[in-house]
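To find a chain, count down the sequence lines: A is the first, B the second, and so on, and within it residues start at 1.
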Protein chains: 2
Amino acid sequence: MTTSGEVSPHTLHRLSIYLRCLRGLRDSNVLRVSSQDLADRFDLSAAQIRKDLAHFGEFGIRGVGYDVQHLTDRLRNLLGLDRHHPTIVVGVGNLGSALLRFLAMGDSAFRVVAAVDNDPSQVGTSLAGVRIEDAARLTEIATISGAEIGVLTVPASAAQANYNSLVLAGIRAVLNFAPIRLARDPDVVTRSVDLRMFFEELGFLLVRADSATVHATKTMSPGSGD
Amino acid sequence: MTTSGEVSPHTLHRLSIYLRCLRGLRDSNVLRVSSQDLADRFDLSAAQIRKDLAHFGEFGIRGVGYDVQHLTDRLRNLLGLDRHHPTIVVGVGNLGSALLRFLAMGDSAFRVVAAVDNDPSQVGTSLAGVRIEDAARLTEIATISGAEIGVLTVPASAAQANYNSLVLAGIRAVLNFAPIRLARDPDVVTRSVDLRMFFEELGFLLVRADSATVHATKTMSPGSGD
DNA sequence: AGATGTGAATGAGTTCACAGCT
DNA sequence: AGCTGTGAACTCATTCACATCT
């Protein structure tokens, strides 16, 4: 089955995990790996790995396994990491600058092409080689920079307005870190990440660990657990 | 059914979402809300909200709905947000200081009681009222600060060693932001968050949006989508 | 009347087990 | 012989529909 209908978010999430595992293997100069091998090393399920990959075609060699480099390339292609994704960072506070630097360094496919903030003392300065512009000009900046992805790292109160500005500039995707539910444009791929949730889940697990003896927590929770 | 066996990670994740919704309602001075009402406003499923809450007891009033304040309190209790969770931040780089400031401000249950870094120029300085200590003394600092939760925001290469130090200090939970699979202590609640994954998922969705016309993406992915 | 709480029905996701290729 | 790819069995999660309570 090749490039078929829908892909479950669980599968999608795991593709990232597989890719990370493969990067590790390649760094260790492992050339080939079987699904069982992968599963053992990173405690995943062998059958699940095969099922997940099967959504996108046949990558393996029967009787042998998967070529690490080849599978890596294919996953990078599936995740769009072999393309450029010009990215604009909106809000260069603590988290914004952390993400900006994070994306700027390394071989990231997500190149930061612009950044804005509404703090006048920040405007005009540079961060990791990116000049910070005035947030009031967001739509203009986003347009001329050709940004495809917008990273929203502004306070909740400003998130919706900045989101709208990005949409106006023809942005194609937004990753929102403000803890608010955005009114989304249907044509813009919009994902939200609320860092607070990770702490809250930890809090819950701690409370439970208090009362009962800790039970095996081997389920797959997105972004966590591995 | 009260405080029963296992809770699915999906349910757990949604508790955080519900709490955020309730905060919004309380800020708007809404006193009571029905599951249907909640579902409509935040596009969730009414039945699911009820099912999720049912795991922990009966919160609502039949024929009426839920008391916003009461349900908020109960959720905060479930998530352990009505307790103090002394927290230590390990690695005060960009992300570390972002999280430190994030936790330090507001009424967070996660009070930062200590922070360490291995950069000599950082040691001795303060950030959001927290003095930064030498990472070499991590176990000692973690112990005397009484930290319950450790936040790992160090490079992948240093993550395991620092994790071990935290375990040695008797830490109870760790939130790891380094993109590496940790060898975990079974007695320590350990969650990992890899920010890179959020970008990769976005990349994937963009690739798909390119070829086919965008299909409704209404599934629930952890940490995303709302 | 109106909304909760919950068993029953449906659907999604995972594991099993094996046919088929190398 | 060994490992992938995949239908079939199974488990987990969501939705339906209604009995129950205010």
Run the side-chain hydrogen bond (donor to acceptor under 3.5 Å, both in side chains) test against Arg101(B) and tell me which residues pass, sequence neighbours left out.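 Listed in chain order: Asn94(A).
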
Tyr66(A) side chain near dG5(D) phosphate (N/O to OP1/OP2, under 4.0 Å): yes

N or O in side chain of Ser45(B) less than 4.0 angstrom from dT15(D) OP1/OP2: yes

Output all residues satisfying side-chain contact (heavy atoms from CB on, under 4.5 Å) with Asn164(A), sequence neighbours left out; order by chain, then residue number. Gln160(A)

Listed partners of Ala178(B) passing side-chain contact (heavy atoms from CB on, under 4.5 Å), at least two apart: Ala159(B), Asn176(B), Ile180(B)

Mind calculating the distance between CZ (Arg14(B)) and P (dC12(D)) to the nearest angstrom? 16 Å

His13(B) NE2 to dA13(D) P, straight-line distance once rounded to whole Å: 14 Å

Is a side-chain donor or acceptor of Thr72(B) paired with a backbone partner of Val68(B) at a separation under 3.5 angstrom?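 Answer holds: yes.
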
Could you check which residues of residues 24-36 of chain A get a heavy atom under 4.0 Å from DNA chain D? Sort them by number, please.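 Ser34(A), Ser35(A), in order of number.
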
Can you name the residues that form a ring-ring contact (aromatic ring centres under 6.0 Å, His included) with Phe110(A), not counting sequence neighbours? His85(A), Phe199(B)

Is the shortest side-chain heavy-atom distance between [X] and [Y] below 4.5 Å?
X: Thr190(B); Y: Leu175(B); result: no
X: Tyr163(A); Y: Val188(A); result: yes
X: Thr87(A); Y: Val113(A); result: no

Using nucleotides 18-21 of chain C, report all nitrogen or oxygen pairs with the protein that are shorter than 3.5 Å.
none

On DNA chain D, compare the nucleotides closest to Ala47(A) and Thr11(B); which residue's is nearer the 5' end? Ala47(A)

By nearest atom, which of the nucleotides dT14(C), dT14(D), dT6(C) is closest to the Ala54(B) side chain?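 The answer is dT6(C), which lies nearest to the side chain.
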
Identify which nucleotide among dT14(C), dG13(C), dA13(D) has an atom closest to any side-chain atom of Gln48(A), counting heavy atoms from C-beta outward.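 Among the listed nucleotides, the one closest to the side chain of Gln48(A) is dT14(C).
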
Where do Met197(B) and Arg20(A) come nearest, in terms of heavy atoms and distance?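 Taking Met197(B) first and Arg20(A) second, the nearest heavy atoms are CE-NH1, 3.9 Å.
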
Got a donor-acceptor pair under 3.5 Å from the side chain of Lys51(B) to the base of dT15(D)?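 When only heavy-atom distances are counted, Lys51(B) does reach the base of dT15(D) through a donor-acceptor pair under 3.5 Å.
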
